[in-house]
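This report concerns only the one structure given below.
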Number of protein chains: 2
Amino acid sequence: MSLRHALLGLLADQPASGYDLTRKFEVSLQKYAWHARHSQIYPELNRLAGEGLISVVEEGARGRRTYAITDAGRTELRDWLLAPAKEAVVRNETVLRMFFLSTLDNDEIRGLLREWIEEADRELARIGESLDRIEALRRERKGRWFGLFAAEYGKRSFQTQREWAEWALAQVDEAEAAAEAAKRETG
Amino acid sequence: MSLRHALLGLLADQPASGYDLTRKFEVSLQKYAWHARHSQIYPELNRLAGEGLISVVEEGARGRRTYAITDAGRTELRDWLLAPAKEAVVRNETVLRMFFLSTLDNDEIRGLLREWIEEADRELARIGESLDRIEALRRERKGRWFGLFAAEYGKRSFQTQREWAEWALAQVDEAEAAAEAAKRETG
DNA sequence: TGTTGACACGTCAGTTTCAACATGTCACTC
DNA sequence: GAGTGACATGTTGAAACTGACGTGTCAACA
């Protein structure tokens, strides 16, 4: 189960509440690493606290509970990072759709490819801002670079998505031109 | 639920049995698109058949049943490809580990990065073969390119993973050198 | 003839995940 | 003082998914 490790990982950077963690999922992990809803996060936090991997360090307004990772939690996180129990699970609906793209008509293919190019541009803009924030934090608190590796990976991934889509568009055009040429020859 | 669409997508290319589909998952979808076990695939095939989205076209030795996609199934697949019901779900344990990489020591980070480089090399070799097969098929049955888009995407993705890991290794070295220089200055 | 290993499909109990429902707080503004 | 929207945490029933177990077939080879 990776959800608990995602939570431990986020708490390894700094203490946070369930609400904070939900927002962190939404803005950073959700899109290219791990998807989870608050209805899954809150019970898991309770379990982690019960097992002593995290602990409540502050209680605030509106029932807010701030959790921090414990030493046991850090050990658990480290073990998982260095040697995950089994082969990595991958689920990516977009990639799945890319897989079956060729079952569509050329114009439909082009439509989807253009959507993916736009998505990549949006994400690249978002990640650019994120990288700026991390860079600022890095200057501020020397030597720290939490999130930098992932943000850079995200950036490169969406650049790849964009370039791939451009390549695919060219492939479709090329195939279509070849098909028309063949048609003219026989017709 | 994407599993059914993954199955419909595979059957859109050519008829196959549950066993065939399980193997296709293992060799192609599993690694970077969608993960599923045979214990999930067989019941889902029965449901799809019950709903008329696929049908049994052949019964062979050892209880083997070959399924083909129906027109209703093609419609369902097409609808999903063009407009998936909700935002794409992403789960990727490797990327999640990349996210928390910086909580480790420099040497541990280097170890993981090297593992990921090796993994990328292995996958690139595998995908290279795959692309050769697809290319051969394409020459044979003109105009068909099922799987080509995805294989190319996979190739580019693992190239990205490799390049990112090399970049990250350089970052670690750089940070370490800077830290040591600072230490010499104060010490 | 026995054994091995790939082929082929299935079930099931337990866990994870999702969407929807539910409840209340606090700050701000009209 | 009423309304709004962000804050904050929960529960629950259904669906999806996993890992392990179970059953039998068939080809090849010793």
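Letters go in sequence order (proteins before strands), and every chain restarts at 1. Quick caveat: nothing in here was measured; it's all calculated off a predicted structure.
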Exercise. Which nucleotide sits closest to the side chain of B/K86: D/dC17, C/dA19, C/dA8?
Worked result: C/dA19

Problem set entry | Check against salt bridge (charged side-chain N to carboxylate O under 4.0 Å, His left out), B/R162 and B/E166 | CA-CA 6 Å; B/R162 201 187 194 293; B/E166 298 279 11; 2.7 Å; yes

For this session: Measure from CD on A/E59 to P on C/dT25 and round the result to the nearest Å.
Result: 16 Å

Exercise. Of all the choices, C/dG10, D/dC7, D/dC17, which nucleotide is nearest to the side chain of B/R65 once you look at every atom?
Worked result: C/dG10

For this session: Take the angle between the ring planes of A/F100 and B/F146 and call it parallel below 30°, perpendicular above 60°, tilted in between.
Result: tilted

Exercise. Are A/E152 and A/R156 within salt-bridge range, i.e. N to O under 4.0 Å?
Worked result: yes

Exercise. Are any side-chain N or O atoms of A/Y42 and backbone N or O atoms of A/Y19, one a donor and one an acceptor, separated by less than 3.5 Å?
Worked result: yes

Problem set entry | Residue A/R37, side-chain atoms from C-beta onward, closest of D/dT9, D/dC21, C/dA19 | C/dA19

Problem set entry | Exercise: identify the closest heavy-atom pair between B/S102 and B/I109 | CA-CD1, 4.2 Å

For this session: Report the C-alpha distance between B/E44 and B/R47 in whole Å, list the side-chain angles of each, state the deciding distance to 0.1 Å, and finish with yes or no for salt bridge (charged side-chain N to carboxylate O under 4.0 Å, His left out).
Result: CA-CA 5 Å; B/E44 189 60 36; B/R47 269 192 294 273; 2.7 Å; yes

For this session: Give the nucleotide from the list D/dT25, C/dC26, C/dC18 with an atom nearest to the side chain of A/R62.
Result: C/dC26

For this session: Rounded to the nearest angstrom, tell me the gap between atom NZ in B/K24 and atom C1' in C/dA8.
Result: 16 Å

Problem set entry | Side chain of B/R64 (C-beta onward), nearest among D/dT9, C/dC9, D/dC26 | C/dC9

For this session: Please work out which residues in residues 41-54 of chain B have a non-hydrogen atom less than 4.0 Å from an atom of DNA chain C and list them by number.
Result: B/Y42, B/N46

Exercise. C/dA8 P sits how many Å from B/L21 CG, rounded?
Worked result: 12 Å

For this session: Evaluate the ring planes of A/Y153 and B/W164, with Trp represented by its six-membered ring, and classify them as parallel (under 30°), tilted (30 to 60°) or perpendicular (over 60°).
Result: perpendicular

For this session: Take the angle between the ring planes of B/W80 and B/H5 and call it parallel below 30°, perpendicular above 60°, tilted in between.
Result: parallel

Problem set entry | Phosphate OP1/OP2 of C/dC18: any A/Q40 side-chain N/O under 4.0 Å | yes

Exercise. How many Å lie between CG on A/D20 and C1' on D/dT9, as a whole number?
Worked result: 13 Å

For this session: Whole angstrom is fine here: how far is it from CZ in B/R91 over to P in C/dT15?
Result: 18 Å

For this session: Please evaluate the base of C/dA19 for a donor-acceptor partner in the side chain of A/S39 within a cut-off of under 3.5 Å?
Result: yes

Problem set entry | Integer-rounded Å distance: D/dC17 C1' and A/L3 CG | 15 Å

Exercise. Mapping A/M1 and A/G63 onto DNA chain C by nearest heavy atom, which one lands closer to the 5' end?
Worked result: A/M1

For this session: Check whether any side-chain nitrogen or oxygen of B/H35 sits under 4.0 Å from OP1 or OP2 of D/dT18, and answer yes or no.
Result: yes

Exercise. Tell me: NE2 of A/H38 to C1' of D/dG10, nearest whole Å?
Worked result: 7 Å

Problem set entry | Separation of C/dA8 P from B/F25 CZ (nearest whole Å) | 18 Å

Exercise. Using a cut-off of less than 4.0 Å, is there contact between a side-chain N or O of A/R4 and OP1 or OP2 of C/dT17?
Worked result: no

